[in-house]
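To start, the structure under review is shown below, and the notes come after it.
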Number of protein chains: 4
Amino acid sequence: MAVHSTAKKKGSADKRDRILRAAIKVFAKNGFYATRVSEIAKAAGVADGTIYLYFKNKDDVLITIFEDGIQQLLAILREVAVSEQPFDERITRIIELQLGLLEDQRDLAEVITVNLRQSSTLLKQYAAPLFMEYIDVIAGLIRDGQKEGAFRKDINSRVVARSLFGALDAILLTWALGEADPPSLRKAASHCASLFLEGLRVR
Amino acid sequence: MAVHSTAKKKGSADKRDRILRAAIKVFAKNGFYATRVSEIAKAAGVADGTIYLYFKNKDDVLITIFEDGIQQLLAILREVAVSEQPFDERITRIIELQLGLLEDQRDLAEVITVNLRQSSTLLKQYAAPLFMEYIDVIAGLIRDGQKEGAFRKDINSRVVARSLFGALDAILLTWALGEADPPSLRKAASHCASLFLEGLRVR
Amino acid sequence: MAVHSTAKKKGSADKRDRILRAAIKVFAKNGFYATRVSEIAKAAGVADGTIYLYFKNKDDVLITIFEDGIQQLLAILREVAVSEQPFDERITRIIELQLGLLEDQRDLAEVITVNLRQSSTLLKQYAAPLFMEYIDVIAGLIRDGQKEGAFRKDINSRVVARSLFGALDAILLTWALGEADPPSLRKAASHCASLFLEGLRVR
Amino acid sequence: MAVHSTAKKKGSADKRDRILRAAIKVFAKNGFYATRVSEIAKAAGVADGTIYLYFKNKDDVLITIFEDGIQQLLAILREVAVSEQPFDERITRIIELQLGLLEDQRDLAEVITVNLRQSSTLLKQYAAPLFMEYIDVIAGLIRDGQKEGAFRKDINSRVVARSLFGALDAILLTWALGEADPPSLRKAASHCASLFLEGLRVR
DNA sequence: CATGAATGAGTATTCATTCAT
DNA sequence: TATGAATGAATACTCATTCAT
């Protein structure tokens, strides 16, 4: 029975994943509002109604994509943030991770940076809290660095965190909307890191 | 008669402006897609059909708001970018202006930072080009500073420009979505400026 | 004052006629329902509101065109129907007149044959009675001919009248919709006349 | 299973037919333009949206009604036109068939004779070609009769065909709009046939 | 008489969601 | 679980008509 149940879940999970992957693709291509549920179903190779067996509604699909992506990112960030590496390294690593995570998932990047803001309700209800969590992690890291003398103290840690988030978001947006070549993204990451690290240096 | 003629024109301009102001308000409150044309009309105190005497369609209202706002900003930025002030001052001024311009137009800020991305078509067709123009102005200023030895040369000017845009956008977004108190916005601006200026300093 | 009044009326009549002529043109081109009142106004060189100074509403414009055209036709038909000519001549004349009347007013022909049926209300309320009047005139002529031994008696005069009306309507319709060359219309008229006259001949 | 499959198809076909029958009824009553899609849906006992599962749009419903009716008529006409009967019989039969086909479908008759002309686009795009096809069939029969010496040769076969179509259309129109009693329609048919046959007789 | 800006009632069509199979 | 036919609420936009000037 356990096997059966697992098999069931696995089968379900597969279909669920297919739907999510299909949704990321069509959301990225057409935007959230312009995407029809039937288009997601078609791209996923399932019937329209099947989507409602795995998700509450269309909004829920977008929310899931967003939460999954951000949670994945947050888990990594938290790990890096409390690692034993020097603070500069941690910041650099975070930037690299954040951009790298999405580098091979361009569609996901577009969905997260662009589509996310398409529904005011989603933005305020789901994204804002996660956004704050993200800011908290980074700001915490900055504050730790300030306490230990690694970063200058005359600058608000949350302002830095927000600036960093925004900078990376804008870089990703440009990359997602334009012709994205990975090298440029990685180079941008290193320049961005250098900019922020120098900006944070104690003088 | 000149007065009369002015009055006449003003009458029309007034109605157009009333519609735009009403649209900014309801777009900020409910988002572009969740806003009904009839809501804009009601808020503006005109009939539904009147909106179509001044705008091609609902999209056109959002585009106009966005373009007006960005053009206004771009005009100021260009002026500052080529002014005679020291480069540090110019960067600081740009940051202050950009945040200050929207400080007393919180709804407009929300519409520009949030609603803008609600329509993929609008974003790619109208926002992307203006975004690039903005990046060009800032990147040009950075490059000038690099040439004259005011900024470090080992960092790509466009990456800096994008980062700055993103940082300010994120700060504005936080402010627009959260409880906005102007002092915090101004303080954030000065911290952000300091962060970027130190990050750009020649060593 | 009489002069003034006349001048006034003349001025008015001119404008009224301009509107009617413009309406015939655009109705023929686009059909009644697809024609906007503003299009009529533009074609007539007057303001939208002016139309309502001369006509009750859009329907009234079509009705007026139709009634004017049919009344004009009826007046001629009645005159011919009771003339002293041989019955065959009268029938021939009626056919020629009916087709000839519209030959140089192709737009009017299209409006009467096509647009007329576009509004069920108009058709039933205004056209049907006039149609019956028309049928009465022709049927009366046929009946007179039957009484005087010019036409065969074993055929219902109203059926003949309806058939003749329909035949001419179909010929006009083909001509109005297709490439209309007047010679063909006139030739069709003579063939049609011959067909009906032989069909009516006493044997 | 074949039954099941048939039942399934029948279910769909039934719904489609129900919509068409309902549309004929309301179109005949109120005309094409005055009929709301929701009225058709209500009369058919389906939801508004269901209509769009079977038809592209409101126009498509009218077109389908018209094409179905005319194709049905054309099929019969073609059969009669090339049958072995004497030419006079064929003509008589065609007239009887055409009127008879619609005798027990008064609403359909009204839709075809009246509503058809309600949309200029429909008329020119869909009706005109079918009208021409009809004319071709009749004209071909007349021409054959002329070749074989059954009909007089000094009269254009297409003019005769158009006249016959128009005559029958007018008779139907009168019948559809007025108080329709079948006997009168059948009697009118025989009178009309006699009129045209005598008109076509070789002398 | 003439204007044309403003009105707002009116409707075809779409599409997220449901539910009988 | 899966389907997809059916639903029907929801809305941008048009355009005949009005009326202040």
Side-chain angles (χ1 to χ4, degrees), chain A residues 8-9 11-12 15-16 19 33-42 44-61, chain B residues 4 7-8 11-12 15-16 33-42 44-61, chain C residues 8-9 11-12 14-16 33-42 44-61, chain D residues 4 7-8 11-12 15-16 33-42 44-61:
Chain A
K8 237 176 168 176
K9 280 219 162 165
S12 291
K15 197 155 278 188
R16 202 185 110 107
I19 293 170
Y33 276 96
T35 295
R36 311 291 143 228
V37 170
S38 61
E39 288 176 308
I40 302 176
K42 196 177 179 184
V46 300
D48 293 18
T50 304
I51 296 198
Y52 292 86
L53 297 176
Y54 296 94
F55 302 93
K56 207 155 58 69
N57 50 35
K58 190 183 160 190
D59 279 16
D60 193 31
V61 178
Chain B
H4 186 61
K8 236 178 174 171
S12 285
K15 199 153 279 190
R16 202 187 112 107
Y33 277 98
T35 295
R36 310 290 139 229
V37 171
S38 61
E39 290 176 310
I40 302 175
K42 198 176 180 185
V46 300
D48 292 18
T50 304
I51 294 191
Y52 294 87
L53 295 177
Y54 296 94
F55 301 94
K56 208 154 56 67
N57 50 35
K58 193 182 157 188
D59 278 16
D60 193 32
V61 178
Chain C
K8 238 177 170 174
K9 280 218 166 171
S12 290
D14 274 359
K15 197 155 281 190
R16 202 186 111 106
Y33 276 97
T35 295
R36 312 292 142 228
V37 170
S38 61
E39 289 176 308
I40 301 175
K42 197 177 177 184
V46 301
D48 293 16
T50 304
I51 296 200
Y52 291 86
L53 297 175
Y54 295 94
F55 301 93
K56 205 155 60 69
N57 51 33
K58 190 182 160 189
D59 279 15
D60 193 32
V61 177
Chain D
H4 186 63
K8 237 177 172 172
S12 285
K15 201 153 278 188
R16 203 187 110 106
Y33 276 99
T35 294
R36 309 292 139 228
V37 171
S38 61
E39 289 176 312
I40 301 175
K42 198 176 179 183
V46 300
D48 293 18
T50 303
I51 294 192
Y52 293 87
L53 295 178
Y54 295 93
F55 302 94
K56 209 155 55 69
N57 50 35
K58 191 182 158 190
D59 279 16
D60 193 32
V61 178

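Note on naming: letters A, B, ... go to the chains in the order of the sequence lines (proteins, then strands), and numbering restarts at 1 for each one. Please read all numbers here as calculations on a predicted model, not as lab measurements.
- Taking atom OH of residue Tyr33(B) and atom P of nucleotide dA12(F), one finds them 12 Å apart after rounding to whole Å.
- With dT17(E), dG4(E), dA12(E) as the candidates, the nucleotide lying closest to the side chain of Lys58(D) is dA12(E).
- Comparing Gly49(A) and Thr35(D) by the nucleotide of DNA chain E whose heavy atom lies nearest to each, the residue mapping closer to the 5' end is Thr35(D).
- Counting to the nearest Å, the P atom of dT18(E) and the NZ atom of Lys56(A) are 10 Å from each other.
- Applying the 4.0 Å criterion to OP1 and OP2 of dT3(E), one finds that Thr50(C) has a side-chain N or O inside that range.
- Taking NZ from Lys42(A) and CG from Asp48(A), the interatomic distance works out to 10.5 Å, rounded to the nearest 0.5 Å.
- In this entry the distance linking CD1 of Ile51(B) with C1' of dT14(F) reads 14 Å, nearest Å.
- The phosphate of dA5(F) has neither OP1 nor OP2 within less than 4.0 Å of any side-chain N or O from Lys15(D).
- Here the side chain of Lys15(C) pairs no donor or acceptor atom with the backbone of Val46(C) at under 3.5 angstrom.
- Of the candidates dT13(E), dG8(E), dA2(E), dG8(E) carries the atom nearest the Ala47(B) side chain, counting heavy atoms from C-beta on.
- Each of Asn57(B) and Val46(A) was matched to the nucleotide of DNA chain F holding its nearest heavy atom; the match closer to the 5' end belongs to Val46(A).
- In the set dA6(E), dA5(F), dT17(F), the nucleotide with an atom closest to the side chain of Leu53(D) is dA5(F).
- No side-chain heavy atom of Asp60(A) sits less than 4.5 Å from a side-chain heavy atom of Tyr54(A).
- A distance of 6.0 Å separates OG1 in Thr35(A) from NZ in Lys58(A), rounded to the nearest 0.5 Å.
- Under a 3.5 Å cut-off, the side chain of Lys56(A) and the backbone N or O of Val61(A) do not form any donor-acceptor pair.
- Following rounding to the nearest Å, Asp59(D) (CG) and dT13(E) (C1') show an atom-to-atom distance of 13 Å.
- For Tyr52(A), whose side chain is taken as the heavy atoms from C-beta onward, the closest listed nucleotide among dA16(E), dA2(F), dT14(F) is dA16(E).
- Nearest to the side-chain atoms of Asp48(D) among the listed nucleotides dT17(E), dA6(F), dT13(E) stands dT13(E).
- When distances are taken from the side chain of Tyr54(D) to each of dA6(F), dT3(E), dA16(F), the shortest belongs to dA6(F).
- The CD1 atom of Ile40(A) sits 13 Å away from the P atom of dC15(E) (whole-angstrom rounding).
- In this structure, dT17(F) forms a base pair with dA6(E), meeting either the Watson-Crick or the G-U wobble geometry with both donor-acceptor distances under 3.5 Å.
- Note on Arg36(D): every side-chain N or O is 4.0 Å or more away from OP1 and OP2 of dG10(E).
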